[in-house]
Amino acid sequence: MNRMIGPPDNLLGEIYSKLIALPCSFREKIEEECAWSAPTFYRKQRLITGLSNAEKEKIAEIFEDVIKSIASDCDKYRRPKR
(Lines give C-alpha, C1' and ligand atoms only; values in the text may rest on other atoms or scores of the structure.)
Protein backbone atom coordinates (compact mmCIF):
# COMPACT_ATOMS: atom_id res chain seq x y z
CA MET A 1 0.00 0.00 0.00
CA ASN A 2 2.92 2.37 0.57
CA ARG A 3 3.93 2.18 -3.07
CA MET A 4 6.28 4.94 -4.10
CA ILE A 5 6.22 6.78 -7.39
CA GLY A 6 9.71 7.94 -8.22
CA PRO A 7 12.81 7.86 -6.06
CA PRO A 8 12.44 7.98 -2.24
CA ASP A 9 13.71 11.56 -2.07
CA ASN A 10 11.07 12.74 -4.56
CA LEU A 11 8.82 14.87 -2.34
CA LEU A 12 6.12 15.33 -4.97
CA GLY A 13 6.05 11.62 -5.79
CA GLU A 14 5.87 10.61 -2.14
CA ILE A 15 3.04 13.00 -1.28
CA TYR A 16 1.13 12.10 -4.44
CA SER A 17 1.43 8.39 -3.61
CA LYS A 18 0.02 8.99 -0.13
CA LEU A 19 -2.92 10.93 -1.53
CA ILE A 20 -3.65 8.26 -4.15
CA ALA A 21 -3.63 5.57 -1.43
CA LEU A 22 -6.02 7.53 0.82
CA PRO A 23 -9.37 6.23 -0.57
CA CYS A 24 -8.13 2.63 -0.48
CA SER A 25 -6.88 3.03 3.08
CA PHE A 26 -10.20 4.54 4.16
CA ARG A 27 -12.18 1.72 2.51
CA GLU A 28 -9.98 -0.98 4.05
CA LYS A 29 -10.38 0.50 7.53
CA ILE A 30 -14.17 0.71 7.11
CA GLU A 31 -14.32 -2.90 5.92
CA GLU A 32 -12.20 -4.06 8.86
CA GLU A 33 -13.94 -2.08 11.60
CA CYS A 34 -17.48 -2.72 10.35
CA ALA A 35 -16.80 -6.34 9.28
CA TRP A 36 -17.95 -5.59 5.73
CA SER A 37 -16.82 -7.13 2.48
CA ALA A 38 -15.79 -4.89 -0.42
CA PRO A 39 -19.16 -5.45 -2.18
CA THR A 40 -20.99 -4.47 1.03
CA PHE A 41 -18.90 -1.30 1.30
CA TYR A 42 -19.74 -0.25 -2.27
CA ARG A 43 -23.41 -1.20 -1.91
CA LYS A 44 -23.75 0.85 1.29
CA GLN A 45 -21.85 3.71 -0.33
CA ARG A 46 -24.58 4.01 -2.96
CA LEU A 47 -27.44 4.00 -0.42
CA ILE A 48 -29.14 7.29 0.28
CA THR A 49 -30.31 5.99 3.64
CA GLY A 50 -29.79 2.73 5.42
CA LEU A 51 -26.75 3.23 7.64
CA SER A 52 -27.34 2.78 11.33
CA ASN A 53 -26.34 5.53 13.73
CA ALA A 54 -23.54 3.28 15.02
CA GLU A 55 -22.23 2.81 11.47
CA LYS A 56 -22.36 6.54 10.82
CA GLU A 57 -20.46 7.23 14.04
CA LYS A 58 -17.80 4.61 13.25
CA ILE A 59 -17.37 5.91 9.68
CA ALA A 60 -16.93 9.48 10.95
CA GLU A 61 -14.38 8.25 13.50
CA ILE A 62 -12.40 6.36 10.85
CA PHE A 63 -12.52 9.36 8.52
CA GLU A 64 -11.09 11.56 11.27
CA ASP A 65 -8.33 9.03 12.00
CA VAL A 66 -7.34 8.75 8.33
CA ILE A 67 -7.25 12.54 7.89
CA LYS A 68 -5.23 12.98 11.10
CA SER A 69 -2.68 10.42 9.94
CA ILE A 70 -2.22 12.30 6.66
CA ALA A 71 -2.04 15.65 8.47
CA SER A 72 0.61 14.34 10.85
CA ASP A 73 2.80 13.52 7.84
CA CYS A 74 2.80 17.21 6.84
CA ASP A 75 5.38 18.07 9.49
CA LYS A 76 7.78 15.58 7.93
CA TYR A 77 7.83 17.58 4.71
CA ARG A 78 8.37 21.04 6.18
CA ARG A 79 11.69 22.61 7.01
CA PRO A 80 12.28 22.98 10.73
CA LYS A 81 11.37 26.43 12.00
CA ARG A 82 14.11 28.39 13.69
Side-chain angles (χ1 to χ4, degrees):
M1 176 161 70
N2 291 337
R3 195 178 72 211
M4 295 291 294
I5 298 173
D9 61 343
N10 182 341
L11 176 69
L12 179 59
E14 186 174 336
I15 292 172
Y16 185 72
S17 293
K18 286 179 182 280
L19 292 173
I20 293 297
L22 193 62
C24 185
S25 173
F26 175 72
R27 180 183 48 79
E28 288 171 352
K29 287 180 191 280
I30 294 289
E31 290 172 4
E32 181 181 322
E33 293 287 327
C34 296
W36 293 350
S37 64
T40 299
F41 172 87
Y42 288 112
R43 181 175 41 80
K44 289 194 178 240
Q45 177 193 0
R46 290 190 307 270
L47 295 175
I48 294 172
T49 59
L51 294 175
S52 70
N53 287 337
E55 288 172 329
K56 290 176 186 177
E57 192 67 33
K58 181 53 90 173
I59 291 166
E61 182 182 305
I62 292 168
F63 174 65
E64 184 177 15
D65 289 345
V66 168
I67 294 301
K68 282 181 179 178
S69 78
I70 286 292
S72 70
D73 284 345
C74 288
D75 293 336
K76 178 173 122 177
Y77 303 117
R78 295 183 193 274
R79 286 197 293 191
K81 294 182 181 179
R82 297 179 185 207

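- Cluster annotation: Ile15 and Val66 are assigned to distinct hydrophobic clusters (Ile/Leu/Val/Met/Phe/Trp/Tyr, side-chain heavy-atom contacts under 4.5 Å, transitive).
- When all heavy atoms of Asp73 and Lys18 are compared, the pair lying nearest together is OD2-NZ, 3.2 Å.
- Here the OG atom belonging to Ser72 is positioned 11.0 Å from the CD1 atom belonging to Ile67, to the nearest 0.5 angstrom.
- Cluster annotation: Leu51 and Phe26 are assigned to the same hydrophobic cluster (Ile/Leu/Val/Met/Phe/Trp/Tyr, side-chain heavy-atom contacts under 4.5 Å, transitive).
- With a 6.0 Å radius and a threshold of 12 heavy atoms from other residues, nucleotides or ligands, Glu57 has its CD atom at or below the threshold.
- Note: the hydrophobic cluster containing Tyr16 does not contain Leu22 (ILVMFWY, side chain heavy atoms under 4.5 Å, direct or indirect links).
- Proximity of Asp65 to Lys29: side-chain heavy atoms (C-beta onward) are nowhere separated by under 4.5 Å.
- Under the 4.0 Å criterion applied to side-chain N and carboxylate O atoms, Lys58 and Glu61 are assigned as salt-bridge partners.
- Two different hydrophobic clusters hold Ile30 and Leu47 under the rule that ILVMFWY side chains link at heavy-atom gaps under 4.5 Å.
- The shortest heavy-atom contact between Trp36 and Phe41 is CE3-CA, 3.9 Å.
- Interatomic distance, Glu28 CD to Ile62 CD1, rounded to the nearest 0.5 Å: 12.0 Å.
- Note on Ile20: it does not cluster hydrophobically with Phe63, by side-chain heavy-atom contacts below 4.5 Å among ILVMFWY residues.
- Taking 4.5 Å as the limit, every side-chain heavy atom of Arg27 sits out of range of all side-chain heavy atoms of Gln45.
- In this structure, CD1 in Ile59 is found 11.0 Å from CD in Glu33, a value given to the nearest 0.5 Å.
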